[in-house]
Amino acid sequence: MNELIQHLVNALILGGTYALLGIGLTLIFGIMNVVNFTHGALYTVGAYVMYLAVAALGLNFFLALPVAILGGLLLGAAIEFVLLRPFRGSDIDTTMLVMIGAGIILQSGTLWTFGGVAKAIPSPFPEAPLQVGPVSVSWLRLFVLGAALALIALTYALINRTKLGLAMRAAFQDSDTAALMGVDVRRIYTATFALGSSLAAAAGALLGPVYVVFPQMGGLAELKAFAIVILGGLGNVTGAAIGGFILALAEELGAGYVSSGYRDAMGFLIIIAVLLYKPTGLFAKAERIG
């Protein structure tokens, strides 16, 4: 039982960052109908900005996190403005090829800039973990959980409590009608891609200090983000958040009770099993056709 509680706590902490990845990706797909193959690269960029701010520039650890998020926001806005806006109205195959190329360029750019040697981000937290009964949790991981939950709450508030969020939801339902009602759809698309990119960068900045930072770290993270979105239902923000925690739980229990070598495979096996019985995902909303 003690071991199970420890695995559940670990899954909760990891699930927060997975939820950030999933929410960012599902926002972009749901509103813009763009399959974002730069998501993993933006996750990597967030981790490297965190590393530069803390290790190279000596910025306070807690101030470096919003800097990394801002970096992802600005880079995402630039990608949408330079690469996606000129192809607005093109078929999905064209935009997919553009995004795949952009992802390769970003990954190669981080490799060329920082080299292939893994980097460690210094943490201000004590090495001794917090011990609560049988459960042991590092202070850094607790901060990661708190920051991830705060960012998820802020994202939900932005989507559901602001004029920008109202415009984003209108564009999601019918972009043509939203444009007729006075919504600047181009601006909403840029804001959506920037927001989704900032969430990916935030996940990388939060997990970078927990593990290490290297140029290829975004590859597996991107696959997991797509898996989370498919599991939660395409375009469903709440489903993406819940899907992130489900994937983290599957990985943690698989690593604990099967083998750590199958950590990543266990989550995808769960997703395959779910999709065999519910191809639209666990939380997809029923849609009226015709």
Side-chain angles (χ1 to χ4, degrees), residues 17-18 20-25 27-29 32 34-59 61 63-88 90 92-122 151 189-229 264:
T17 54
Y18 282 4
L20 288 176
L21 279 170
I23 291 171
L25 190 61
L27 275 175
I28 293 171
F29 180 83
M32 302 177 62
V34 170
V35 183
N36 183 19
F37 286 103
T38 65
H39 212 63
L42 289 161
Y43 169 88
T44 305
V45 167
Y48 270 111
V49 172
M50 188 76 174
Y51 165 77
L52 279 177
V54 176
L57 302 179
L59 191 65
F61 181 88
L63 294 177
L65 178 59
V67 170
I69 296 173
L70 179 62
L73 185 94
L74 295 176
L75 181 57
I79 291 172
E80 196 284 331
F81 186 82
V82 175
L83 296 179
L84 288 177
R85 185 168 294 190
F87 292 98
R88 188 73 39 78
S90 301
I92 193 171
D93 295 337
T94 301
T95 56
M96 283 177 62
L97 288 173
V98 170
M99 299 312 291
I100 290 172
I104 294 172
I105 291 171
L106 286 175
Q107 180 177 325
S108 300
T110 54
L111 178 61
W112 180 77
T113 304
F114 298 100
V117 179
K119 313 288 186 183
I121 300 175
L151 289 171
Y189 282 170
T190 302
T192 299
F193 200 91
L195 176 60
S197 301
S198 69
L199 293 177
L206 288 172
L207 285 183
V210 176
Y211 304 112
V212 291
V213 182
F214 58 98
Q216 295 82 18
M217 65 184 291
L220 186 57
E222 184 172 279
L223 289 176
K224 291 181 179 181
F226 279 110
I228 291 165
V229 170
D264 298 319

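As the structure is a computational prediction, the values presented were derived from the model and not from experiment. Worth knowing before you read on, the calculation uses all heavy atoms, side chains too, and leaves out hydrogens, waters and symmetry mates.
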**OP:** Grab the two heavy atoms, one from Gly208 and one from Ile121, that are nearest each other, plus how far apart they are.
**Re:** C-CD1, 3.8 Å
Original post:
Could you state the interatomic distance from CD (Glu80) to CD1 (Ile28), rounded to the nearest 0.5 Å?
Top reply: 10.0 Å
Original post:
Of the non-hydrogen atoms in Gly72 and Ala201, which two are nearest, and what is the gap between them?
Top reply: CA-CB, 3.7 Å
Subject >> Phe193 side chain reached by Ile79 side chain, heavy atoms, under 4.5 Å >> reply: yes
**OP:** Tell me, with the steps shown, if Thr38 and Leu106 meet side-chain contact (heavy atoms from CB on, under 4.5 Å).
**Re:** CA-CA 8 Å; Thr38 65; Leu106 286 175; 4.2 Å; yes
**OP:** Consider only side-chain N and O atoms of Thr95 and Arg88, and report whether a donor and an acceptor are under 3.5 Å apart.
**Re:** no
Original post:
Relative to the ring of Phe114, is the ring of Tyr48 parallel (under 30°), tilted (30 to 60°) or perpendicular (over 60°)?
Top reply: parallel
Original post:
Of all residues at least two apart in sequence or in a different chain, which pass the side-chain hydrogen bond (donor to acceptor under 3.5 Å, both in side chains) check with Ser197?
Top reply: none
**OP:** Determine the minimum heavy-atom distance between Val54 and Ala64, stating which atoms define it.
**Re:** CG2-CB, 3.5 Å
Using a 3.5 Å cut-off and no angle test, enumerate the donor-acceptor pairs between side-chain atoms of residues 218-225 and protein atoms at least two apart in sequence or in another chain.
| residue | atom | partner | partner atom | Å |
| --- | --- | --- | --- | --- |
| Glu222 | OE1 | His39 | N | 3.4 |
| Glu222 | OE1 | Gly40 | N | 2.9 |
| Lys224 | NZ | Tyr18 | OH | 2.7 |
| Lys224 | NZ | Glu251 | OE1 | 3.4 |
| Lys224 | NZ | Glu251 | OE2 | 3.1 |
| Lys224 | NZ | Asp264 | OD1 | 2.9 |

Subject >> Worked check of side-chain contact (heavy atoms from CB on, under 4.5 Å) between Leu195 and Leu27 >> reply: CA-CA 8 Å; Leu195 176 60; Leu27 275 175; 3.7 Å; yes
Original post:
Are Leu21 and Leu199 close enough that some pair of their side-chain heavy atoms sits under 4.5 Å apart?
Top reply: no
Original post:
Which pair of non-hydrogen atoms, one from Thr44 and one from Met217, has the smallest distance, and what is that distance?
Top reply: OG1-CG, 3.5 Å
**OP:** Would you name the heavy atoms of Val49 and Ala68 that are closest together and state the gap between them?
**Re:** CG1-CA, 3.5 Å
Original post:
If we only count heavy atoms from C-beta on, is the Trp112 to Pro215 side-chain gap below 4.5 Å?
Top reply: no
**OP:** Count the heavy atoms of every other residue, nucleotide or ligand shown that sit under 6.0 Å from CZ of Phe81, and state whether that count exceeds 12.
**Re:** no
Original post:
Can you tell if the side chain of Val98 reaches within under 4.5 Å of the side chain of Phe37, non-hydrogen atoms only?
Top reply: no
Subject >> Considering all heavy atoms, the nearest Ala202-Leu65 contact >> reply: O-CD1, 4.5 Å
**OP:** Name all residues meeting the side-chain hydrogen bond (donor to acceptor under 3.5 Å, both in side chains) criterion together with Ser108; count only those two or more places apart in sequence or in a different chain, and write none if there are none.
**Re:** none
Subject >> Pairwise side-chain contact, Val35 with Met99, heavy-atom cut-off 4.5 Å (strictly under) >> reply: no
